[in-house]
Number of protein chains: 2
Amino acid sequence: MFISKTSEHALRILTYMALNYETQLSARNLFEELQIPKRYLMRLLTDLSKSGFIKATRGRSGGYVFARSLDTIYFSEIIDSVEGLLPFEGCVLGSSVCPVDKPCAMHQIWEKPKQTFLETLKTTTLADLRSGKNIRLQ
Amino acid sequence: MFISKTSEHALRILTYMALNYETQLSARNLFEELQIPKRYLMRLLTDLSKSGFIKATRGRSGGYVFARSLDTIYFSEIIDSVEGLLPFEGCVLGSSVCPVDKPCAMHQIWEKPKQTFLETLKTTTLADLRSGKNIRLQ
DNA sequence: ATTAAATAATACCTGAAAGTATTAATTTAT
DNA sequence: ATAAATTAATACTTTCAGGTATTATTTAAT
Ligand code: FES
Ligand code: FES
């Protein structure tokens, strides 16, 4: 839970690419490393490309590299592009925004975990992953 | 996101019942208050009954009341009975448990929000809802 | 020029969660 | 006894995220 399978895929893809920032990677390369279903992976790569995180080079020696600097790519933006952030920001009971003047019965209780979650997404960039020593991607 | 629609329904049902602890409520009562699809609501009530949170009285003047004291019913137990807690406790990348010795690239980053989330679920009971002044349930 | 190896576009399929329908069982009021 | 009002059991349908399949386009090596 927490995030959708597709968001999870997207994060894994971009994390692996971040750990290999220098090298252009093809869908084939990524498939071998990440074992995300091949055709689905390819579609996600096109999506991530359209979203402007990475850029594609077509043709025989094509592949993907980042289109932007790693330290400008926040987790929040990635998840936002895949499934949207609204479900995370809104009221736990029903998907609309938390009304400031009339919070629901659970607002107070969920406030802290929700804030912590969003805070993490909004302050962590792909660059932060490179500093860690962990490389396992599943 | 965060929790499934069914968990959300379950929480709303039990929250409303907690706020009306004294009175026996029928599926009809709950439907009128919560607008959860009627037949689905009825099935969920049977499930919650089987799980031991509430107890049903069948027949003409039947309905539901709590089977246990409110301060013993933790959010974690409710969600656990509906969709399971494992997806929340396990590794963000892949659904198995976080291996202590070999955490994934995102473990460190997700640790805090995950802990905060689980902490909230595991320390909040239905009794805690009654103390609040908020009564909105959607 | 041709072929091979890559990405892109688009339409289709599938499985699981969410929701619906039907029928049975239980209890109380009359 | 009968009918009305409730919960219980079980099977079916719908929806949509996740995954496949097919075909087109682009580029470089030969
Ligand atoms: S109003 Fe429901 S979580 Fe904020
Ligand atoms: S090992 Fe992946 S989140 Fe802990």
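We name chains A, B, ... by the order of the sequence lines, and we start the count at 1 in each one.
- Looking at B:Phe31 and B:Arg39, their side chains never come closer than 4.5 Å, going by heavy atoms from C-beta outward.
- Looking at which nucleotide of DNA chain D each of A:Thr6 and A:Arg39 is closest to, the 5′-most match is held by A:Thr6.
- Using the six-membered ring where Trp is involved, B:Trp110 and A:Phe75 have ring planes that are tilted, between 30° and 60° apart.
- Straight-line distance from the OH atom of A:Tyr40 to the C1' atom of D:dA17: 7 Å, rounded to whole Å.
- Straight-line distance from the CG atom of B:Asn29 to the C1' atom of D:dT6: 11 Å, rounded to whole Å.
- Protein chain A contacts DNA chain C from C:dA4 to C:dA11, reading 5' to 3' and using non-hydrogen atoms of the protein with a distance under 4.0 Å.
- Looking at B:Ser49 and B:Thr46, their side chains never bring a donor and an acceptor atom within 3.5 Å of each other.
- Checking A:Thr6 against A:Tyr40 by side-chain atom types alone, a donor-acceptor pair falls below 3.5 Å.
- With axes fitted over five pairs at each extremity, the angle between the ends of the helix from C:dA1-D:dT30 to C:dT30-D:dA1 is 10° (10° resolution).
- With rounding to whole Å, A:Glu8 atom CD is found 10 Å from D:dG19 atom P.
- The pair B:Glu119-B:Lys112 does not meet the salt-bridge criterion, since no charged nitrogen lies less than 4.0 angstrom from a carboxylate oxygen.
- B:Thr72 and B:Ser69 form no side-chain donor-acceptor contact under 3.5 Å, judged by distance and modelled atom types alone.
- Both A:Ser61 and B:Arg60 lie near DNA chain C, and the one whose nearest nucleotide falls closer to the 5' end is A:Ser61.
- B:Ile78 and B:Tyr74 are members of different hydrophobic clusters when ILVMFWY side chains are connected at heavy-atom separations under 4.5 Å.
- With salt bridges taken as basic N to acidic carboxylate O contacts below 4.0 Å, one links B:Lys122 and B:Glu89.
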| In B/S/- notation, 5' to 3', how is nucleotides 7-16 of chain D contacted by protein heavy atoms closer than 4.0 Å? | BSSBB-----
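- One hydrophobic cluster, built from ILVMFWY side chains closer than 4.5 Å, holds both A:Phe117 and B:Leu85.
- Residue A:Glu83 contributes atom CD, which lies 13 Å from atom C1' of D:dG18 at whole-angstrom precision.
- Between the side chains of B:Thr23 and B:Asn20, no donor-acceptor pair is found at a separation under 3.5 Å.
- Side-chain contact between A:Tyr64 and A:Met17 is present, with heavy atoms from C-beta onward closer than 4.5 Å.
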